[in-house]
Amino acid sequence: MSRTPHILVVEDDREIATLVSRFLRNNDFRVRAVPNGREMDAALRDGRFDLIVLDLMLPGEDGLSLCRRLRNEGTIPIIMLTAKSEEIDRILGLEMGADDYLVKPFNPRELLARIRAVLRRAGHVPAAEVGESPVLAFAGWRLDKAVRRLFNPEGERVALTGAELDLLLAFCERPRRVLSRDQLLDLTQGRMAAPFERSIDVLVSRLRQKMERNPREPELIQTIRSGGYMFSPEIERPAESAAP
């Protein structure tokens with residue numbers, strides 16, 4: 001990134017918010033911290049942010065509701081913080097559209113690593129090999145790796161989160177191969193500390209909701225019993241741009 005990333009921290013615990021803000025500023029980020037959803041909305045109206053660190057337990061509108069609303073409005077990366085360690089809370093956060101999660105108490109260095117990884121995935125533009133088109137086409141769909149955009153068969157752009165797009169890229173670059181959850185975690189998250197295996201299932205479900213004609217009977221992303229998942233379409237690399 002050519003400019004300093006701007007992080008919005010939504011955390012009602014003043015001590016945690018101060019600690020996180022100071023640590024991120026010391027690591028070359030711009031940071032604004034707010035204690036609730038109302039002030040988050042005001043901050044988003046006032047400025048541009050590259051990522052939101054969002055606490056689950058907030059006064060008023062809770063983190064899950066805020067995450068759902070943010071995802072309906074755009075694709076800004078979201079890392080959720082939660083004091084709850086139950087699997088269901090992590091699943092819900094990912095289903096609402098969060099790109100990653102971190103359970104309290106956490107080491108600020110781990111949060112920093114996760115922020116950098118999510119920003120890298122969201123803003124990374126893969127260098128195209130000489131003579132290779134950045135556009136991948138399959139079953140009428142078109143995925144432009146250079147600008148990280150997906151277009152449906154009608155030519156309309158389909159909004160994907162950074163995590164969803166990373167998973168789709170992993171599938172498109174390895175079509176018709178059975179990929180285990182561990183392999184998909186390696187390809188999309190680099191096996192960061194204590195990866196949450198069910199996150200792959202959640203992301204697959206979200207992709208199916210956005211891409212399959214009938215998510216209950218998927219044609220593009222097949223479930224392989226005791227194996228993982230397989231991306232079934234043939235991949236083409238047309239020379240023309242995917243932009244409409």
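The heavy-atom pair separating Leu220 from Ala139 by the smallest distance is CD2-CB, 4.0 Å. The minimum heavy-atom distance between Leu66 and Met40, with the atom names listed, is CD2-CE, 3.8 Å. In terms of heavy atoms, Asp12 sits closest to Pro35 at CB-O, 3.4 Å. Across all non-hydrogen atoms, the minimal contact from Ala43 to Val34 is CB-CG1, 4.4 Å.
For the atom pair CG (Leu19) and CD (Glu11), the distance works out to 10.5 Å, reported to the nearest 0.5 Å.
Within the 4.5 Å cutoff, side-chain heavy atoms of Ile76 are placed close to those of Ile52. In this structure, the side chains of Glu236 and Phe138 stay at 4.5 Å or more apart for every pair of heavy atoms. In this structure, Leu70 and Leu44 have side chains that are in contact, with non-hydrogen atoms separated by less than 4.5 Å. Val10 is listed as a side-chain neighbour of Leu58, based on a closest heavy-atom distance under 4.5 Å. Between Arg148 and Asp166 there is a side-chain heavy-atom pair separated by less than 4.5 Å. Between Leu143 and Cys172 the shortest side-chain heavy-atom distance falls below 4.5 Å. Put simply, the side chain of Val9 reaches to within 4.5 Å of the side chain of Ile7, judged on heavy atoms.
Pairs passing the side chain to side chain donor-acceptor pair (under 3.5 Å) check and including a residue from residues 54-64, sequence neighbours excluded, read Asp55-Lys104, Glu61-Ser65, Glu61-Arg69. Applying the side chain to side chain donor-acceptor pair (under 3.5 Å) definition to pairs two or more places apart or across chains, those involving residues 208-232 are Glu164-Lys210, Asp201-Tyr229, Arg208-Thr223, Arg213-Glu219. Every pair passing ring-ring contact (aromatic ring centres under 6.0 Å, His included) that includes a residue from residues 29-57 is listed here, sequence neighbours excluded: His6-Phe49.
In this structure, Asp144 does not pair ionically with Arg157, as no charged nitrogen and carboxylate oxygen lie closer than 4.0 Å.
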Audit row: Arg181, Ser199, side-chain hydrogen bond (donor to acceptor under 3.5 Å, both in side chains) steps and yes/no
CA-CA 9 Å; Arg181 291 172 178 81; Ser199 64; over 6 Å; no
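Within 6.0 Å of the CZ atom in Arg22, the count of heavy atoms belonging to other residues, nucleotides or ligands does not exceed 12. For Glu154, the CD atom is densely surrounded, since the number of other residues' heavy atoms within 6.0 Å is greater than 12.
Partner of Phe231 under the side chain to side chain contact (heavy atoms under 4.5 Å, CB included) criterion, chosen from Leu179, Leu207, Leu168: Leu168.
For Asn152, the side chain to side chain donor-acceptor pair (under 3.5 Å) criterion is met by Glu156, not counting sequence neighbours. Scanning for side chain to side chain contact (heavy atoms under 4.5 Å, CB included) contacts around Pro175 gives Ile235, with sequence neighbours left out.
At a cut-off of 3.5 Å, with distance as the only test, a side-chain donor of Arg206 or Thr161 sits close to an acceptor on the other residue.
With side-chain heavy atoms closer than 4.5 Å counting as contact, directly or through intermediates, the hydrophobic cluster containing Met230 also holds Val178, Ile224.
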